[in-house]
Structure formats: structure tokens, C-alpha cells
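What follows is one structure encoded as C-alpha cells, with my remarks underneath.
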Amino acid sequence: MKANGKNKKEFTTRQKFFLYFYKSKQYFNNKWYIARNKVKNFIDSFYFYLIVFAVYVFLLHKALIYFNPTISEDTLSNLAFAIAGVVGASIAIIFSFSTFILQSTADLFSTQYLKKFIESFKEKIFFWLLVFLTILSVFIPIFLKHYELEILGSILFISLYLIYDLYRDTRKRINPEIALTKIKNDTIKRLEKANKRFKKQAHIQNKIFQYKKENKDFSLDIQYKTNPDWHLVILENVKYLFEIGLRLLAKNEINSFNLTLKYIHDIYIKHLDLRNGYLIRMPASFLGSYTIDDEGFTTKILEYLQSISDRIIQEKRKENIYYLLKIYESILSYSLNIEYADKNLNAYKDNPLLSLILAYYIGFIEKLLKSKENDWTWESIKSISNVSNFILQKTDSYFLQSQINQITNKLSVSCLSENQETFLKELVNIYFNQIRIAWNKYEHNDIFWKHLFEELKKNILLLSVSTNNLSLSVSDLFINFHTWQVNVTNWIFELKEKG
């Protein structure tokens with residue numbers, strides 16, 4: 001603090017002036033940016049046009065009172081027909097424009113998608129409303145003798161606003177990213193609606209049969225299983241995302257394709273969030289392993305991700321491959337926190353959902369290895385390191401660690417065949433990280449430590465084979481690990497001194 005105060009005193013008056021001037025400029029620029037965005041959003045809102053309409057009618061009325069023009073019935077009728085003609089012509093133009101745009105996007109959207117999402121109920125309402133206003137404008141001079149100009153002017157303003165809103169909405173609906181967002185929102189709403197319906201039925205079932213407290217959570221999963229087709233429309237929406245995503249990929253729309261991956265991820269995470277705490281594990285074999293059945297929803301989502309991975313690997317889409325790795329990591333991280341309705345099985349530390357997702361993730365890594373692309377291998381190693389770290393922080397399950405060790409061994413063999421010393425050092429570092437994480441969490445799990453040190457020795461041996469100077473190659477790893485040991489020892493002695 002003293003050093004900071006001393007440095008501050010060393011500023012000259014000129015430096016202080018420029019420093020405060022710069023801070024003030026940044027502050028006002030930030031405020032101006034926020035204010036400008038708020039104004040832009042307000043100008044594009046319904047309330048702005050409502051205010052403009054009110055001001056327009058008020059000024060028109062006052063002008064007519066002030067100038068007091070004399071308008072014959074023929075002139076008024078001609079004006080009414082002219083307004084009706086303008087509105088009618090605008091209707092024809094905007095709907096022709098809408099049809100042209102939809103035809104131009106037919107190669108991006110499937111026929112089923114166009115029928116389901118592009119057709120708008122709002123468009124039908126606006127069309128008939130415009131037809132009504134057109135007819136109304138013709139009959140105003142016939143049936144009304146007062147305020148005809150104000151009413152005709154209002155009809156013209158409202159009609160033009162409705163036409164502009166239709167035009168704006170049409171442009172939005174053919175934007176691929178907005179279309180993807182619409183599909184995602186519709187899918188999540190359907191997930192929530194189905195969950196709400198099944199929860200209500202499960203609550204009624206619990207009230208009727210008066211289950212024990214530990215058995216009440218089973219009812220929701222049973223409701224899902226008695227309606228196995230509940231997700232047909234939802235998975236159909238995911239299929240639309242998948243198809244549109246591949247077509248965007250063909251057009252080299254990398255960011256839009258990544259948005260497709262994100263939305264599929266968001267839909268699946270929402271599904272897990274709604275089913276969390278209610279899934280029932282079932283025995284899969286006599287060996288004690290378990291499985292889950294969420295009516296094939298997880299399997300279908302993972303199959304879509306698998307198909308996407310095959311496509312992007314085939315086309316060597318590097319950015320999309322890296323993003324898909326992040327998507328898998330996020331899903332694995334979330335599935336770690338899944339709880340099951342059969343809580344009595346928690347002692348076995350078995351998470352069948354995580355094991356299933358991990359199997360698909362490992363399959364993706366194996367395909368990347370077969371490509372022999374060094375960049376992809378390096379990203380795979382970093383991804384495996386992340387997955388290994390956050391899984392071990394949550395559980396020391398033998399089955400999960402065995403899956404991770406198997407893919408790590410395949411990575412080691414692949415790196416050895418390519419003589420990638422740096423990659424092998426990073427793989428060895430994975431096991432040192434596991435030791436750091438597990439040393440105080442699973443110190444009594446002898447089986448875990450036995451397999452961990454076996455894998456560590458195996459990978460150090462592979463590293464020694466790949467290099468002519470093992471001591472230099474491994475020195476950084478052991479120095480970092482030894483530093484960690486010294487820090488832990490010092491921390492333990494500090495605790496003893498305080499005690």
C-alpha cells in the first residue's frame with residue numbers, strides 16, 4: 001500500500017490531468033453507448049409508434065381546426081379510394097416479397113420446417129385486418145359526416161405500420177440464426193409443458209396410493225415411461241436443428257453451425273434439469289453395472305452429435321471440432337451432478353448416464369486420433385485432461401476412471417508412433433494432476449491408487465522410449481510435482497504450529 005501511495009505521488013499535475021481526462025472520457029463514452037442502445041431499442045418498439053400515432057392524430061386534428069378546409073364529398077370519396085388503393089397495393093407487394101424470400105430459402109429449410117415454423121398465425125391476422133381497414137376506408141365517407149379526415153389518416157397510419165411490422169417479421173423469420181432460436185425456444189417450452197403435465201399426474205398418483213416418502217420420486221419417471229412417445233415432436237425439432245445446421249455447414253456458416261450445436265446442447269441440458277432427481281437406475285448385468293432409460297432421449301441426442309462429429313471430421317472443420325469438444329465437456333460436467341430417484345444405490349457410485357455420454361465422447365476422440373492431425377490430437381489431450389480433472393473432483397468410480405485410462409493409453413500409443421514428445425509429457429502430467437486432486441479425497445481407496453501408479457509408470461515408460469534424454473523431458477513435470485509436495489508439507493506444518 002505504501003508503495004502504491006508513493007507511486008501515486010510521483011504523478012505530475014499534467015499526468016494527473018490526462019489521467020482524469022481519460023477516465024472521464026471512458027465514463028461518458030460508456031454512458032453514451034448505453035443511452036444510445038436504449039434509444040435504438042425504444043425507437044424500434046411498439047410504444048414508440050403508439051406515441052407517434054397519438055401525436056400524428058393530435059396534430060392532424062388541430063391543423064384541420066385551424067385551417068378549416070372545405071372538402072367536397074367527391075374529393076373525400078376519391079381520397080378514401082386512394083387510401084384503399086395504397087393499402088391494397090402494399091398488401092400485394094409485401095406478400096409477394098414474403099413469397100419470394102421463402103422461395104429463396106427453400107434450399108436451407110426443409111419442407112416440414114417451412115410448414116411448421118415459417119407459416120405465421122400473426123401473418124394471417126394482419127392480412128385480414130388490413131383487408132378490413134381497406135374496406136372500412138371506402139365506406140367512411142358514406143356513413144360518417146364528422147372527423148372523416150382524422151379517421152382516414154388513422155387508417156392509413158395503422159395500415160402502413162402493420163405492413164412494416166409484417167415486412168420486419170418476414171425478414172426475421174428467414175434469418176437462419178433467428179430460425180434456430182425459434183426452434184430451440186419451442187422445444188424447451190414443449191419439454192417444460194410435458195414435465196409439468198407428468199408432475200401433476202405423479203402428484204395425483206401419490207395422493208391416491210399414498211406411497212412412502214422414499215418412493216414418491218419414482219412416480220414421475222413412471223409417468224414418462226407410460227407415455228413413451230412424449231418426445232416425438234421434441235426430437236423432431238432437434239432433427240430440424242440438425243438438418244439446418246448441416247446445410248449451414250455446407251454454406252461455410254461456421255458460427256451459425258456452432259449455434260446449432262449450442263442449441264442442441266441447451267435442449268439436452270434442459271431435459272436433464274427437468275428429470276434430475278427422478279431418473280431410475282436399472283441393473284444392466286450380473287456384474288453390478290446399471291443403466292437408465294429416459295425413453296431413448298439421451299441416445300438420440302448423442303447419435304445426432306455423433307453424426308455431426310463424423311461430418312466435421314470428414315470435412316476437416318477445425319473450429320467446429322474444437323467447439324464440439326467443449327460441448328461434450330459441458331454435458332459431461334452437468335451429468336456429474338445428476339441425482340437418481342433410487343438414492344439407496346448412491347453407495348455404489350454408479351452414474352450410468354455419465355458412463356453413456358463418456359462412451360460417445362471417447363468415440364469422438366478415437367476418430368480424431370485416426371485422422372493423424374497433430375492439432376486435433378493436442379486439443380484432444382487438453383480436453384481429456386479437463387474431463388479427468390472435473391470427474392475425479394466428484395467421484396473415484398473405477399468404471400469411469402477405467403474409461404478415461406483406456407482413451408489416455410490410446411492417445412499415448414498414437415503420440416509414440418508419431419514421436420510427439422510434448423504430447424506425451426502432457427499425458428504424463430494428467431496423472432500428476434490426478435494425484436494432486438485425489439491425495440486428500442480418496443486416500444483410502446487402495447485400488448484407485450494401485451491403478452493410478454500403474455498408468456503413471458506406463459506413460460513415463462512410453463515417454464522414455466520417445467526421447468533420447470528422459471531426464472530433460474520429465475524434469476519440468478517432476479519439478480512442478482515436487483513443488484506441489486513442498487507446498488503441501490509446509491501447509492501441514494503450519495497447521496501443526498497453529499494447533
Side-chain angles (χ1 to χ4, degrees), residues 38-106 109 111 113-175 178-179 182 185-186 189:
K38 287 184 177 179
V39 170
K40 286 175 65 177
N41 291 334
F42 176 71
I43 289 175
D44 202 37
S45 68
F46 169 76
Y47 299 103
F48 173 77
Y49 291 104
L50 188 62
I51 293 171
V52 172
F53 173 68
V55 172
Y56 163 76
V57 173
F58 174 78
L59 292 177
L60 178 61
H61 179 68
K62 290 298 181 182
L64 291 173
I65 292 174
Y66 180 77
F67 293 106
N68 193 22
T70 303
I71 303 175
S72 63
E73 291 186 3
D74 291 338
T75 305
L76 205 58
S77 298
N78 292 334
L79 178 61
F81 280 110
I83 291 174
V86 169
V87 175
S90 299
I91 293 173
I93 292 171
I94 191 64
F95 280 97
S96 298
F97 175 74
S98 174
T99 304
F100 174 75
I101 289 179
L102 295 181
Q103 287 176 348
S104 66
T105 57
F109 302 119
T111 305
Y113 170 81
L114 289 171
K115 184 177 180 181
K116 184 174 182 179
F117 288 100
I118 296 298
E119 290 183 359
S120 174
F121 181 72
K122 174 183 173 182
E123 190 175 271
K124 295 177 182 178
I125 295 294
F126 276 27
F127 172 76
W128 289 112
L129 189 56
L130 286 167
V131 170
F132 171 75
L133 291 173
T134 303
I135 297 172
L136 183 64
S137 64
V138 174
F139 287 99
I140 287 296
I142 300 173
F143 295 103
L144 293 180
K145 300 302 179 183
H146 301 286
Y147 306 113
E148 300 96 328
L149 288 176
E150 289 91 333
I151 296 173
L152 287 173
S154 300
I155 289 175
L156 179 62
F157 185 94
I158 293 170
S159 300
L160 292 176
Y161 171 75
L162 293 176
I163 290 167
Y164 169 71
D165 192 70
L166 276 177
Y167 165 75
R168 185 175 56 182
D169 189 59
T170 301
R171 291 191 63 181
K172 284 183 179 179
R173 283 188 286 126
I174 57 92
N175 185 326
I178 293 177
K182 185 175 182 179
N185 292 338
D186 179 76
K189 285 179 183 177

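Basis for what follows: all heavy atoms, side chains included, without hydrogens, waters or symmetry-related copies. Here the structure is a predicted model, which is why all the values come from computation and not from measurement.
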Exercise for the section: In sequence, state the C-alpha distance, the side-chain angles, and the governing distance for Leu76 and Leu149, and then conclude on side-chain contact (heavy atoms from CB on, under 4.5 Å). Expected result: CA-CA 8 Å; Leu76 205 58; Leu149 288 176; 3.8 Å; yes

Once you round to the nearest 0.5 Å, how far does [atom1] of [X] lie from [atom2] of [Y]?
X: Glu150; Y: Glu148; atom1: CD; atom2: CD; result: 8.0 Å
X: Thr134; Y: Leu129; atom1: OG1; atom2: CG; result: 9.5 Å
X: Tyr49; Y: Tyr164; atom1: OH; atom2: OH; result: 4.0 Å
X: Trp128; Y: Leu133; atom1: CH2; atom2: CG; result: 13.5 Å
X: Leu50; Y: Tyr161; atom1: CG; atom2: OH; result: 9.0 Å
X: Ile163; Y: Ser90; atom1: CD1; atom2: OG; result: 4.0 Å

Exercise for the section: Decide if atom CZ of Phe132 counts as having more than 12 heavy atoms of other residues, nucleotides or ligands within a radius under 6.0 Å. Expected result: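 Atom CZ in Phe132 is not packed in, count stays at 12 or less.
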
Problem - Pair Asp165 + Arg168: basic N to acidic O under 4.0 Å - result: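 Yes, Asp165 and Arg168 are salt-bridged.
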
Handout entry: side-chain contact (heavy atoms from CB on, under 4.5 Å) assessment of Phe157 paired with Val52
Key = CA-CA 10 Å; Phe157 185 94; Val52 172; 3.9 Å; yes

Over all heavy atoms of both residues, which pair between [X] and [Y] is shortest? Give the atoms and the distance, please.
X: Phe48; Y: Ile43; answer: CD2-O, 3.2 Å
X: Ser137; Y: Ile83; answer: CB-CG2, 4.4 Å
X: Gly153; Y: Leu60; answer: CA-CD2, 4.4 Å

Problem - Donor-acceptor contact below 3.5 Å, side chain Asn78 vs main chain Asp74 - result: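 The answer is yes, because a donor-acceptor pair under 3.5 Å joins these two groups.
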
Exercise for the section: Could you tell me whether the side chain of Phe42 reaches within less than 4.5 Å of the side chain of Ile51, counting heavy atoms only? Expected result: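 Yes, their side chains come closer than 4.5 Å.
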
